[in-house]
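Residue numbers start from 1 in every chain, and the chains themselves are labelled A, B, ... in the order their sequence lines are given, proteins ahead of strands. These numbers come from a predicted model, not from an experiment.
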2 protein chains.
Amino acid sequence: MATEKPDTLHGRILDEFSRKIVDGTWPPGYLLPKETELAAQYGVSRMTMNKVLTRLASDGFVIRRKRSGTVVAQPRAESAVLAINNIGEEVAALGRRYKWALLSSENRAGHAQDRRLLSLNEDEAQDNSLFLQGLHYSNDEPFCLETRVINTQMVPDALTVNFQHDVPGSWLLNTMPWTRARHHVRAINVSGRDATLLELPVGAACLEVLRRTQIDAHWVTCARLLYPGEAHQLIAEFDGKIGV
Amino acid sequence: MATEKPDTLHGRILDEFSRKIVDGTWPPGYLLPKETELAAQYGVSRMTMNKVLTRLASDGFVIRRKRSGTVVAQPRAESAVLAINNIGEEVAALGRRYKWALLSSENRAGHAQDRRLLSLNEDEAQDNSLFLQGLHYSNDEPFCLETRVINTQMVPDALTVNFQHDVPGSWLLNTMPWTRARHHVRAINVSGRDATLLELPVGAACLEVLRRTQIDAHWVTCARLLYPGEAHQLIAEFDGKIGV
DNA sequence: TAGTGGTCTAGACCACTCC
DNA sequence: GAGTGGTCTAGACCACTAG
């Protein structure tokens, strides 16, 4: 799934197609030309084009249906690999009432403290940054403290959204095309303002998830999600051998 | 990567081959017959058999080299998806001295406490279980507390190993063929014996990783790895959309 | 330098599905 | 019923590499 050798016919075409999907040139729902047509356009046999489309489908980028053709898939919010759900869905799945409360929203470069929190480089916290902080509730109890910065150069629409009503994560999920994310997970003893906001005693164990999301090479958003320790559990499942 | 529809020629063959690799019928290093031969054996065209072998290779099950043929790959300890390294390697990567100390080893059903810790069912802690507890050190400081149960029915050799010298995780990694694992990760405030062993003050945040490993449908080992909070960090990277 | 996998083609038949 | 993807074949040429 990482960089591959693109020096084959179908490899180059696969690269081109997946790039078009990832960067939004072919948005979700876009209907691709039919197999034979694409094969003719690219001057390859149908078998070769089929290899490309079959791979795209098995990677989840497109949905193929007989008769109706091949369409770009709707990006899914979940992965079979690591279930870090949309927080709203997560709370709902527990049968609880979900609520989101925006605590602060700030254009420009944000507090130095927030930049450190999100491990941002200097050039990643420029003028085109939107800093947000808010709380996810489960049955009116704090469930997750979110601190986030959004690159408004990549997602200019974010400036027009009222994040008191729209949950940033969900909004981004629905707005952006395909993404790539990197997570850092660790345990910390909560303190200070974080503890106050989460209504936890100082020192309570919390799960800190730092998530950096990007489209192609450009970062889009960084989020720090702080979950009261035992309340939250990450689940990951693997094939192949990872560790014992 | 999960269960798929096997109702194609290459699908059925792919299933058969991957099963043979996973269950050890074709052990790591096993040299497969050459493509044309396999195609003849199964009465399919070379293209079809190529599809099978190419897929096996892209899934990492086999290594294909021109001239030398197709061999079953050595299971790798790491995955590109979620880097939870072999603990020894992890410590070594930090440039520190690694040491393993076995604290206890017990045949039979183990303490009820340990069974709870590992979330084992009744039938998963029978007579054919080996309970272990030990500490991984980094520069003589506790780095990870490991509590583990091994299904000796699946891995009978485990009874003959001296786990004072062999690190259970590494030994299993090298002994078993391919595996599937499920991880549960959360943050806890350490206390009691765990705190003492890790030389941490009561209440320090720790990252608890529960890892259940299986071969096909049979569980092989369950491990609870307890890392002093900020010392350890899980890193996970994804393609596609997971959450924002 | 010969054998292996890597790739591609042209053509074929089938099954499903939407109109 | 017609068009689409799903699959398979037989044959071909190439590149790499081990001996």
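- Distance CZ (B:R64) to C1' (C:dG3): 14 Å, rounded to an integer number of Å.
- Nucleotide C:dG5 holds its C1' atom 14 Å from the CG atom of B:L56, rounded to whole Å.
- Note: B:W171 and B:F163 have perpendicular aromatic rings, judged against thresholds of 30 and 60 degrees for the angle between ring planes.
- Pairs of Watson-Crick or G-U wobble type, with distances under 3.5 Å, assemble into runs of 3 or more in DNA chain D at these ranges: C:1-18 with D:1-18.
- The backbone N or O of A:T221 sits nowhere less than 3.5 Å from a side-chain atom of A:N151 that would complete a donor-acceptor pair.
- One can place NZ of B:K51 at 14 Å from P of C:dC8, the figure rounded to the nearest angstrom.
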Take A:D166 and A:W100, measure what side-chain contact (heavy atoms from CB on, under 4.5 Å) needs, and give me the verdict at the end. CA-CA 8 Å; A:D166 282 313; A:W100 156 256; over 6 Å; no
Can you check each nucleotide of nucleotides 9-19 of chain D against protein heavy atoms at under 4.0 Å and return B for base, S for sugar-phosphate only, - for none, in 5' to 3' order? BB-B---SBS-
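- Taking 4.0 angstrom as the limit, A:H10 places none of its side-chain polar atoms (N or O) nearer than this to OP1 or OP2 of C:dT7.
- Annotation: the span from B:L9 atom CG to B:L14 atom CG amounts to 12.0 Å, rounded to 0.5 Å.
- Salt-bridge check for A:R12 with A:E16: failed, with every basic side-chain N at 4.0 Å or more from each acidic carboxylate O.
- Residue whose closest nucleotide on DNA chain C sits further toward the 5' end, between B:N50 and B:K34: B:K34.
- Spacing between atom CD1 of B:I63 and atom P of C:dG6 amounts to 11 Å, rounded to whole angstrom units.
- Other residues, nucleotides and ligands contribute only 12 or fewer heavy atoms inside 6.0 Å of the CD atom of B:Q153.
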As a quick check of understanding, evaluate side-chain contact (heavy atoms from CB on, under 4.5 Å) for B:W219 and B:V149, giving each step before the final call. CA-CA 10 Å; B:W219 77 276; B:V149 57; 4.0 Å; yes
Dump the intermediate steps for side-chain contact (heavy atoms from CB on, under 4.5 Å) on A:L53 and A:F17, then the final yes or no. CA-CA 9 Å; A:L53 297 176; A:F17 285 13; 4.2 Å; yes
